[in-house]
Amino acid sequence: MSQPVPDFERGVEAAVFASSEPLTVADIIAHVGEGDVRGALDMIAQRHAGTGIELVERGGRWHFQTPGDLAHLLRRTREEPRRLSRAALEVLAIIAYHEPVSRAEIEAIRGVQTAKGTLDVLMEAGWIRPAGRRDVPGRPLIYKTTPDFLTHFGLESRRDLPGIDDLRAAGLLEPVDVAFDALELEPAEDSD
Amino acid sequence: MSQPVPDFERGVEAAVFASSEPLTVADIIAHVGEGDVRGALDMIAQRHAGTGIELVERGGRWHFQTPGDLAHLLRRTREEPRRLSRAALEVLAIIAYHEPVSRAEIEAIRGVQTAKGTLDVLMEAGWIRPAGRRDVPGRPLIYKTTPDFLTHFGLESRRDLPGIDDLRAAGLLEPVDVAFDALELEPAEDSD
Amino acid sequence: MNADPTFDDFLLADRPPAPDAERLRLDIDGWEGPLDLLLAMARTQKVDLKAISILALVDQYLEFIDRARHLSIELAADYLVMAAWLALLKSAMLLPKEAQPDPDPQELALKLQLRLERLQAMRDAGARLFARDRLGRDVFARGAPEGLRTIRKRQWDANLFELMQAYGGVEARRQPVVHMVARRTVMTLDSAIERLSAMIGIALDWTDLAAFLPGDVDPELRRSVLASSFVAALELARTGRIDIAQDQAFAPLYLRKAAR
C-alpha cells in the first residue's frame with residue numbers, strides 16, 4: 001500500500017464486506033458511526049479498481065463483487081467419469097440384444113420395473129435413442145442403440161455381440177447371486 | 001492504485017474472494033490455471049494489509065476476512081455463536097493439543113467420563129473429526145481437529161496453538177506416567 | 001486477542017463459583033468430578049501446582065466430603081471413591097518411610113500432582129484458544145460470496161465385458177429356476193484341524209501361524225482359511241497338542257508342537 005488507509009475507511013470497507021446484503025449509506029453509518037461514508041466509499045472503489053475485487057453501487061446500496069471479466073474463472077467444467085449402475089447395464093444390454101424394444105418388454109425380460117431415470121442415463125450417455133413407437137395398443141415408445149454405442153464398446157456391428165452360447169461358454173451365465181455380488185462391488189458413484 | 005495488478009493475480013484474488021469457503025492452492029489452480037499462486041497470494045495479502053479486508057492462510061487454505069481490530073464495529077449486529085460448555089471447551093483443547101487422541105485418553109486427563117454429547121457438539125461444529133483407530137486392543141476411535149478448526153480460531157497451523165511450545169517443553173502434553181518416569185531420573189525429591 | 005467482556009462471561013458462566021471456603025462446602029453440582037474439585041482446591045493453595053502440598057490437599061478434600069455428608073448432600077460415587085483413595089494415600093504417606101507400602105505413596109502423590117497440572121494446562125489452553133479472534137464472532141468472512149461453481153459434466157463409462165456380464169445376469173435370471181446350492185469357498189474347521197495338525201508335526205520350533213496358510217489362494221478363501229486355522233489352533237491348544245504364543249496384541253501368532 002502506498003499510504004495507510006484511515007480507520008474510518010477501513011471500518012466502512014469491513015462493514016460492506018461482511019454484510020450479507022448490499023448496504024445503504026445509512027446502514028453503514030449504523031455500523032461505523034457518523035462520518036464521510038461517501039468519501040470513504042469512493043476511496044475504497046478507487047483502491048480496488050483494476051483488481052480482482054470491485055466495489056459497486058446499485059440503487060443506493062453498496063456491495064463488493066468480482067469483476068465481470070473474471071466470471072469465467074469462477075465457473076469450471078469438470079468431466080466426471082461415472083460407472084453405469086447395474087440396472088443401467090442390464091437395460092442397455094437388453095436393448096442391444098433385442099432392439100428395438102419398449103420399456104414394457106425390457107421390464108418383462110428383466111423381471112423388475114425399470115426406473116425412468118435409467119433410460120434417461122443411457123440416452124444422456126448417447127448410447128440409446130427412441131426409435132418410433134410399437135404398433136400395439138398404447139403405442140409405446142421403442143428404443144434402439146446408437147452408432148455411438150457401437151463405437152464406445154468397440155463393436156463393428158450388433159452382430160459382433162456374443163450370443164447366449166458364447167456367454168455361457170465364457171461363464172457369464174452364472175448363478176445370479178455371484179454375478180450380482182461382482183457388480184455390487186462397484187462404487188455406486190465416483191467422487192473425488 | 002500505484003501500478004496495474006497482473007491478470008493472474010486478479011484471477012487468484014477473484015477466486016478466493018468469490019468462494020464461500022477457504023481455498024487451497026490446488027483449489028485455486030483448478031479455477032485460474034497453473035501459475036505462481038503462492039506468489040500471487042503473497043502480493044494480494046500485502047496489497048490488503050492495513051485495510052478493512054485481509055487475506056489470511058489457515059491450515060493451507062486461504063480466505064478473506066475482516067481484521068480483528070474492527071470486531072467492535074461488526075459484532076453488535078450478529079448473535080454470538082453458540083457457547084460451548086466448559087466440558088466441551090476442555091475436550092476441544094485436549095484434542096487440539098494432543099491429537100490424535102482417543103476418548104479414553106481425553107478422560108484420563110479430565111478425570112471424568114466424557115458425556116456423549118460433548119464430542120457430538122464438537123463434531124457438529126465441524127472442529128473435530130474421527131481420524132481412524134488406535135492400534136491397541138479394542139481399537140478405539142481417535143479424534144483430531146479439522147481445517148475448519150484452524151479457520152475458526154485464526155490459526156495458520158497447529159504450531160500456532162497458544163503456548164503449545166511451552167507446554168511441550170514442560171512435558172505437559174505427555175501422559176502422567178511418561179512425565180513421572182522422566183521425573184524419576186532427576187535426583188531431587190519433592191515432598192513437604 | 002482483545003479485551004472482550006463476553007470472554008469473561010464465557011468462562012464465568014460455566015465455571016463453578018470461585019472456591020472460597022463457604023461456597024465450596026455447599027455447591028457440589030458445579031464440579032465436574034473429583035479431579036475438578038481437587039484442582040480448584042489446589043489452586044487455593046498456590047498458583048504453581050508444582051509447589052502444592054498434597055497432604056494438605058487430601059485433608060481439604062476429605063473435610064469437604066465429610067461436611068457434605070453431614071449436610072446430607074448426596075455425593076456421586078466417584079467423589080466417594082476418590083475420598084477413599086485419598087484417605088488411603090494419606091495414611092500411607094504418614095507411615096515411617098521404611099514401612100510405606102508399595103506402590104510408594106510419594107509416587108502416587110506426585111502422580112496426582114502431575115494429573116492436576118495437566119488438567120490445569122488444558123483448561124488454560126482452552127481459555128486462551130477461545131480468547132482468540134474467532135471467525136464469525138470477532139472477524140468475519142465475506143457476507144455474500146458469489147460462490148465458485150463447478151459444473152459437473154457426467155461422462156458415463158462402461159465396457160463391453162460389463163455389458164456381457166449384465167446380459168449374462170439377466171439371462172441367468174430368465175433360465176428355468178434350478179436351485180443350486182452356491183459352493184462357497186470356505187475351509188471347514190475339521191479340515192483346518194486336520195491340515196494344521198499334519199503340518200505342526202513338521203515344524204520344529206515356534207512358527208508363525210501365517211506360515212501354515214497356503215500362499216496362492218483367492219482372497220475370499222484366504223480369509224476363511226485364516227479364520228478356520230486360527231480356531232483350529234485354539235482347539236489344538238485346548239486339547240494340549242500345541243502351544244500358542246503371542247508377544248502383544250496384533251503381533252504374529254506363533255505355534256509349536258506341545259512340548260511333552
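Given the structure is predicted, the values throughout are model-derived calculations rather than measurements.
Taking C:R118 as the reference, nothing meets the side chain to side chain donor-acceptor pair (under 3.5 Å) condition, with sequence neighbours excluded. Every residue two or more places apart in sequence or in another chain that forms a side chain to side chain donor-acceptor pair (under 3.5 Å) with B:R139 is listed here: B:D135.
Contacts with chain B were tallied for C:A121, C:A125, C:G33; C:A125 has the most, counting heavy-atom pairs under 4.5 Å. When C:R115, C:E146, C:M122 are compared by the number of non-hydrogen pairs under 4.5 Å with chain B, C:M122 comes out ahead. Ranked by non-hydrogen atom pairs under 4.5 Å with chain B, the options C:E107, C:M82, C:E117 are led by C:E107. Heavy-atom pairs under 4.5 Å with chain C peak, among B:L155, B:V91, B:I53, B:L70, at B:L155.
At a 4.5 Å heavy-atom cutoff, the contact between B:F153 and chain C is made by backbone and side-chain atoms alike. With a 4.5 angstrom heavy-atom cutoff, B:P22 does not touch chain C via any of its atoms. Proximity to chain C is limited to the side chain of B:L167, based on heavy atoms less than 4.5 angstrom apart. Only the backbone of B:D160 has a heavy atom closer than 4.5 Å to any heavy atom of chain C. Contacts of C:L35 with chain B are made by side-chain atoms alone, with heavy-atom separations under 4.5 Å and no backbone atom involved. For B:P67, the part lying under 4.5 angstrom from a heavy atom of chain C is the backbone only. When heavy atoms are compared at a cutoff of 4.5 Å, B:A30 does not approach chain C at all. Only the side chain of B:L92 comes within contact range of chain C, judged by heavy atoms closer than 4.5 Å. Heavy atoms of B:I164 lying under 4.5 Å from chain C are absent altogether.
Side-chain N or O atoms of B:T24 include none that pairs as donor or acceptor with a backbone N or O of B:G60 at under 3.5 Å. Although no hydrogens or angles enter the test, the distance criterion places no donor-acceptor pair under 3.5 Å between the side chain of B:E9 and the main chain of B:P6.
The shortest distance between side-chain heavy atoms of B:F64 and C:R142 does not fall below 4.5 Å. When side chains are defined from C-beta on, C:D36 counts as touching B:R86, because their heavy atoms get closer than 4.5 Å. Between B:R58 and B:Q65 there is a side-chain heavy-atom pair separated by less than 4.5 Å.
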Next item on the list: Kindly determine whether B:D42 and B:Q46 satisfy side chain to side chain donor-acceptor pair (under 3.5 Å), including the steps that lead there.
Entry: CA-CA 6 Å; B:D42 281 347; B:Q46 268 178 45; over 6 Å; no

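Ion pairing between C:R238 and C:E235 holds under the 4.0 Å rule for side-chain N and carboxylate O.
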